[in-house]
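Structure record follows, encoded as structure tokens.
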Protein chains: 2
Amino acid sequence: MALQEAILVALTHGTASGYDLAKTFDVSVANYWSATAQQLYRELDRMAASGLVSAEMVEQERRPNKRIYSLTPAGRAALRESTTRTPKPTAIRDELLVQVEAIDHGDTDSVRAFIHERLASSRAKLARYERRREGMLDGGSEAHFLQTARRIGPYLTLARGIAFERENISWFEMVLAATAEKSIDADQT
Amino acid sequence: MALQEAILVALTHGTASGYDLAKTFDVSVANYWSATAQQLYRELDRMAASGLVSAEMVEQERRPNKRIYSLTPAGRAALRESTTRTPKPTAIRDELLVQVEAIDHGDTDSVRAFIHERLASSRAKLARYERRREGMLDGGSEAHFLQTARRIGPYLTLARGIAFERENISWFEMVLAATAEKSIDADQT
DNA sequence: AGCCGCATGTAACTTGTTACATGATTTC
DNA sequence: GAAATCATGTAACAAGTTACATGCGGCT
């Protein structure tokens, strides 16, 4: 169900095609939910059938035709109603964590290599998020933004994403330090 | 696939029944992977069929019979091999985060109530994790533990869990503060 | 010549969730 | 007497993943 809600919120920012949403879900929405393009196309179909979104075909000249979706009043109502339903508890689910748990029975060097990869990708994500944050704050303070902005939801979830990536980075560094002696290759952080 | 590996690591700590694993997956393993009892029973069946674990029927007098699973050499090999396969990238997936993103279009008071609930459960989890950490360290320092323990994987994943819950707590507090004026009820943290 | 971006989709498959069933024993 | 714990399972379903297909335009 949460995929539906994530799509509904995304559409509050304006109309979008399935393709647009797929890109959005890769950057900003990935902060709190993720989905593949195929899931989105399937879900948008269903939602159009149940009247939560309306689809308008837009023919383009030098590009394939688009199906532009927008929120209907029913969609807005569903979104509002969805915030009153108890959200499922969440936990971390990460294959890399499973590997780290198994590190004493596995191949330390390859796990360390995967951590190096994640470290790079977390740093890149963090940089992107922080640029977005700066853009939102627009020179002002966080307190000022939170008091005056007409929408604070996207800022709050972005803050969660930033904290998450910071934590990832420092945990990765800790794991690399803790496994350094057990590794053959020198530690190039 | 990761469920399989999570089961394999869990069994490195000793033999267990499906029921035992279900409890384990609710407490410690939930740090990095989660699964329902049904998933475990299904997966254990498959793993027994493919020879990664062996099942031994244990008849009990005042209790239902157990099926006790243990790792086979093939299981150990599969676990080791699994640490060389690239883990999938992960992201946060949380219905509550979707609600917060939608908070400006939803029911602020009920979202705030859900945050209060999560806050309580994160605090409880954190306390449990920290007790487990103290137990592992056994009075010594972290550095000492990491240098001398024969297994550091479980400590490292526990550290990730602790950091995650700490982050949750401070983010929840931030969201409550940021939405306080918009709420009807006073803020009882 | 070949790859990337645009834009949508079908189909098959694997995972994860929910509901239900059984039946004895121990604890409140 | 009711609820929780022990212990396993079936069945149906929902959600998520992977592979593949199409076809044009622009870039290198």
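Protein chains get the first letters and strands the later ones, always in sequence-line order, with residue 1 at the start of each.
Atom CE in A:Met57 sits roughly 7 Å away from atom P in C:dG9 (whole-Å rounding). Protein atom CG of A:Leu21 is 14 Å distant from nucleotide atom P of C:dC6, rounded to whole Å. Taking atom CG of residue B:Leu3 and atom P of nucleotide C:dT14, one finds them 15 Å apart after rounding to whole Å. If you measure from atom CG of B:Leu40 to atom P of C:dT17, you get 11 Å, rounded to the nearest angstrom. Rounded to an integer number of Å, the gap from CG of B:Asp26 to P of D:dA4 is 16 Å. Atom pair A:Arg46:CZ and D:dC13:C1' shows a separation of 11 Å (rounding to whole Å applied). A straight line from CG of A:Asn65 to P of C:dT8 spans 9 Å, rounded to a whole angstrom. Taking atom CD of residue A:Gln39 and atom C1' of nucleotide C:dA7, one finds them 18 Å apart after rounding to whole Å.
For B:Gln38 against D:dG9, a side-chain N or O and a base N or O form a donor-acceptor pair under 3.5 Å. A donor-acceptor contact under 3.5 Å links the side chain of A:Arg42 to the base of D:dG16.
In this structure, B:Thr72 contributes its side chain and B:Gly51 its backbone to a donor-acceptor pair below 3.5 Å. The main-chain N or O of A:Glu165 is never found under 3.5 Å from a side-chain atom of A:Asn168 such that the two would form a donor-acceptor pair.
Under 4.0 angstrom from either OP1 or OP2 of D:dT18 there lies no side-chain N or O belonging to A:Thr36. Distances shorter than 4.0 Å separate some side-chain N or O of B:Tyr19 from OP1 or OP2 on D:dC6. The phosphate of C:dG9 has OP1 or OP2 within less than 4.0 Å of a side-chain N or O from A:Arg67.
Using cut-offs of 30° and 60° on the angle between ring planes, the pair B:Tyr155 and B:Phe145 is tilted.
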Exercise. Start with the C-alpha distance between B:Arg151 and B:Thr12, add both sets of side-chain angles, then the distance that settles side chain to side chain donor-acceptor pair (under 3.5 Å), and finish with yes or no.
Key: CA-CA 11 Å; B:Arg151 277 197 78 168; B:Thr12 61; 3.0 Å; yes
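Closest to the A:Tyr41 side chain, of the nucleotides D:dA7, C:dG9, D:dA15, is C:dG9. Listed candidates were D:dT8, C:dC6, D:dA15. Nearest to the side chain of A:Lys23 is C:dC6. Here the nucleotide nearest the side chain of A:Lys88, chosen from D:dT8, C:dT17, D:dA15, is C:dT17.
Mapping B:Ser17 and A:Ser34 onto DNA chain D by nearest heavy atom places B:Ser17 closer to the 5' end of the strand. Map B:Arg93 and B:Asp20 each onto its nearest nucleotide of DNA chain D; the residue landing nearer the 5' end is B:Asp20.
With hydrogens and angles left out, the side-chain atoms of A:Ser34 and B:Arg93 include a donor and acceptor closer than 3.5 Å.
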